[in-house]
Amino acid sequence: MSADSHANAHHHHHHKEHWISKYVFSMDHKMISKQFLLTAIVMAVIGMLMSTFFRLQLAYPGEKFAILNFFLGDRWAPDGKLDPQMYLGLVTIHGTIMVFMVLTGGLSGTFSNLLIPFQVGARDMASGFLNMLSYWFFFLSSMIMVISCFVQTGPASGGWTVYPPLSALEQAIPGSGLGMTLWLISMALFIVSALLGGLNYIVTIVNLRTKGMKMTRLPLTIWAFLITAILGVLSFPVLLSAALLLIFDRSFGTSFYLSDIFIGSGPLAHEGGNPILYQHLFWFLGHPEVYIVLLPALGIASEVISTQARKPIFGYRAMIGSMLVIGFLSFIVWGHHMYVTGMSPFLGSVFVFTTLLIAIPSAVKVFNYLTTLWKGNIQFSPAMLFATGLVSTFITGGVTGIILADSALDINVHDTYFVVAHFHIVMGMSAIFGMFAGVYHWFPRMFGRMMNKKLGYLHFWLTIISVYGVFFPMHYAGMAGYPRRYFNYDAFPMFDGFRDLSQIITFFAIMGAISQGIFIFNFFYSQYLGRKASQNPWNSNTLEWTAPVEHIHGNWPGPIPEIHRWPYDYSKPGHDQDFIPQTVPLAAGESDEGH
């Protein structure tokens, strides 16, 4: 369907919206974007609270905290002491919520929905109905994950990767019971949501671009969302198959992942399976998942850095090429998560090679960000600070990633806090920083008002200090062999020297959690009492700033604007303004420089 015919179809189906169809079961991409964002904020608060709770246990083992009893009750925190079983549950659900509900669904769901139709010049997604279903599957998935924390046997507690046999045998530990079943149901719904959303994004970008919007004129955000959607469509079904086989093992007596298991007084009937099969299937999704999380954040950073530096993005085609190469390589590096499973040294060396290769396109992106910033007329808005913060954490985490890519080095720090620090910085915080940059940058587009700048600055500085305060020390602890996921280290005198370090980490973790309260206050306060925004407050070139802020059906009241140039014509010589919107035709004799 062409953009014009799609536009006409929308006009034919225009109807009066009621409160339910406008705010609840909306098929409008702008409203669905807000629904994803609000759900992700709620889930992020829950995930962050969980991490604060288990950090208290790690810093002050055995001590009583009334806040634990207040939130978790007498069953899981009697007299304010955290129950060991709930500790494992908190670690598991924290990881699951943050990786899938916040960094994956929250980030892509919010900004793909908001920006794809706007920036390609479409009136909405290819299918508004499927888009609505995508959100509601995401919402149900999130609710079931939260509900799983309240069942009698407690939440799933086998770690966010839910490796069998803990996840395959209900009798293994309390956290392998109903909580694990709900975890699997939640993930199945999440994958359905991701697939519906991903297919919609791809079709919209490929088919509904407005006149003049060639692929070489797409903003880098759209390229990032497109490649992310393709990664998701190709890799999430593999995770779904892994989860289905797990359900068969749990409920129907099959043995895909189980063999020669002894529990209690005797052996179980399972024979012939292998838990390593699950790891292959899980990490085939698991490593593309890193880039499913990161690429949208990097795309957002490209847009924010170029706009706020008032310079064209450096190496536009190299940025697209690096994202395509990252996407391809992400499918052939999964084995580096499994160096300690008994993998043959030759196969391990293949994964070392492919994993190290991915550093090259990643370095290209960093180089291009820094070159774009170089000698720019930089405007340090909160969005710009978070975008440069992303570049900082991406570099930091990328450097430690080289150690984990090398099998000879990785084996020494496997399952230590070094791994925790690495993936939290490179994947978690980089994506979160990208998400914050996006919210601060596009808040005027979403709500018609500006977020408070001073609160934004305070939020950024407290956040980045706490991020490095939490995760930098973890590298040193990990290199000393400090293992992760332990409830209490008192039985290991060699780790006594880490008690003070653990308390420092917990202090910064609490500081980071409190600083997010500033953002949440700013977010809701500014929606109603923030300064009213002009239509294009950042003097940006892309199409979303040409549409009215008011909620209207089909994004633009009249014809969809036509595109004449790429989106990064900033500070172009010979022009009165330092920005030229994509809708401005080329002047006589002006070159579009191959776009």
Contact summary for V24 and Q35, nearest pair of heavy atoms: O-NE2, 2.8 Å

Inspect the surroundings of NZ in K532 and state if more than 12 heavy atoms from other residues, nucleotides or ligands are less than 6.0 Å away. no

If only side-chain N and O atoms count, and only distance matters, is there a donor-acceptor pair under 3.5 Å linking T39 with S142? no

Compute whether any side-chain donor of one residue and acceptor of the other, for Y369 and S302, lie under 3.5 angstrom apart. yes

Can you find a pair of side-chain heavy atoms, one from V120 and one from T210, that are under 4.5 Å apart? no

Contact check, side chains of L72 and M86, non-hydrogen atoms, under 4.5 Å: yes

Strictly by modelled atom types, are T104 and E289 linked by a side-chain donor-acceptor pair under 3.5 Å? yes

Using the six-membered ring wherever Trp is involved, compare the ring planes of W160 and F282 and label them parallel, tilted or perpendicular (cut-offs 30° and 60°). perpendicular

Stepwise side chain to side chain contact (heavy atoms under 4.5 Å, CB included) check, L294 with F394: CA-CA 9 Å; L294 266 175; F394 192 57; 3.9 Å; yes

When you measure from the side chain of N555 to the backbone of R123, do you find a donor-acceptor pair of N or O atoms at a distance under 3.5 Å? yes

Apply side chain to side chain contact (heavy atoms under 4.5 Å, CB included) to residues T221 and Q119 and explain how you reach the verdict. CA-CA 9 Å; T221 40; Q119 291 195 337; 2.5 Å; yes

Fit a plane to each ring of Y163 and Y278, take the angle between them on a 0 to 90° scale, and name the class: parallel (under 30°), tilted (30 to 60°) or perpendicular (over 60°). perpendicular

So, does S21 use its side chain to make a donor-acceptor pair with the main chain of H18 at under 3.5 Å? yes

When the ring planes of F436 and F386 are compared, do they come out parallel, tilted or perpendicular, using 30° and 60° as the limits? tilted

For I425 and T393, which heavy atoms make the closest approach, and how far apart are they? CG2-O, 3.3 Å

Shortest non-hydrogen contact between G121 and I560, atoms and distance: O-CG2, 3.3 Å

Would you say the side-chain atoms of S241 pair up with the backbone N or O of V238, donor to acceptor, closer than 3.5 Å? yes

Side-chain contact, heavy-atom cut-off 4.5 Å: S167 with L246? yes

State the CZ-CG distance between F129 and N200, to the nearest 0.5 angstrom. 11.5 Å

Distance (rounded to the nearest 0.5 Å) between S534 OG and N536 CG: 6.5 Å

To the nearest 0.5 Å, what is the distance between CG (L196) and CD1 (I191)? 12.0 Å

Shortest non-hydrogen contact from S235 toward L285: OG-CD2, 3.5 Å

Check the pair L140 / W136 against side chain to side chain contact (heavy atoms under 4.5 Å, CB included), numbers first and verdict last. CA-CA 6 Å; L140 279 176; W136 281 103; 5.7 Å; no

Without hydrogens or angle criteria, can the side chains of T546 and W556 be said to hold a donor-acceptor pair below 3.5 Å? yes

For the pair Q535 (side chain) and A547 (backbone), establish whether a donor and an acceptor sit closer than 3.5 Å, ignoring hydrogens and angles. yes

Any side-chain to backbone donor/acceptor pair from S33 onto T110? Under 3.5 Å, distance only. yes

Is there a donor-acceptor pair closer than 3.5 Å between any side-chain N or O of H422 and the backbone N or O of G397? yes

F118 CZ to W442 CH2 distance, which is reported to the nearest 0.5 Å: 12.0 Å

Taking C-beta and beyond as the side chain, do L226 and Y201 meet within less than 4.5 Å on heavy atoms? no

Should the pair F443 and F523 be assigned to parallel (<30°), tilted (30 to 60°) or perpendicular (>60°) ring geometry? perpendicular

Flag the pair F433 / F460 as yes when at least one side-chain heavy-atom distance between them is below 4.5 Å, and no otherwise. yes

Just so I know, are the side chains of T204 and F225 near enough to count as touching, which here means a heavy-atom distance under 4.5 Å? no

I'd like to know if the side chain of S322 and the backbone of M319 have a donor-acceptor N/O pair within less than 3.5 Å. yes

Flag side-chain contact, heavy atom, 4.5 Å: I305 against M384: yes

Pair T542, Q582: side-chain N/O donor-acceptor within cut-off below 3.5 Å: no

Taking every non-hydrogen atom, the tightest pair across G158 and M180: N-CE, 4.3 Å

Nearest 0.5 angstrom please: W283 CH2 to Q279 CD, how far? 8.5 Å

Ignoring hydrogens and geometry, is there a side-chain-to-backbone donor-acceptor pair from S186 to S141 under 3.5 Å? yes

What distance separates I205 CD1 from M213 CE, expressed to the nearest 0.5 Å? 11.0 Å

Is a side-chain N or O of S306 found less than 3.5 angstrom from the main chain of E303, in a donor-acceptor match? no

Can you find a pair of side-chain heavy atoms, one from V470 and one from R55, that are under 4.5 Å apart? no

Anything under 30° is parallel, anything over 60° is perpendicular, the rest tilted; go ahead and classify Y568 against Y316. tilted

Side-chain donor-acceptor pair under 3.5 Å between D124 and H553, yes or no? no

Working note: L195 + F137, criterion side chain to side chain contact (heavy atoms under 4.5 Å, CB included); need CA distance, chi angles, decisive distance, verdict. CA-CA 10 Å; L195 291 175; F137 273 110; over 6 Å; no

Using 30° and 60° as the class limits, which term best fits the ring planes of F471 and H424: parallel, tilted or perpendicular? parallel

Should the heavy atoms of other residues, nucleotides or ligands under 6.0 Å from OH of Y457 be counted, would the total exceed 12? yes

Taking the side chain from K453 and the backbone from S381, do they hold a donor-acceptor pair closer than 3.5 Å? no

Could you report the tightest heavy-atom contact between I93 and S148, atom names first, then the distance? CD1-OG, 4.1 Å

Pairing donors with acceptors under 3.5 angstrom, does anything connect the side chains of N131 and N113? yes

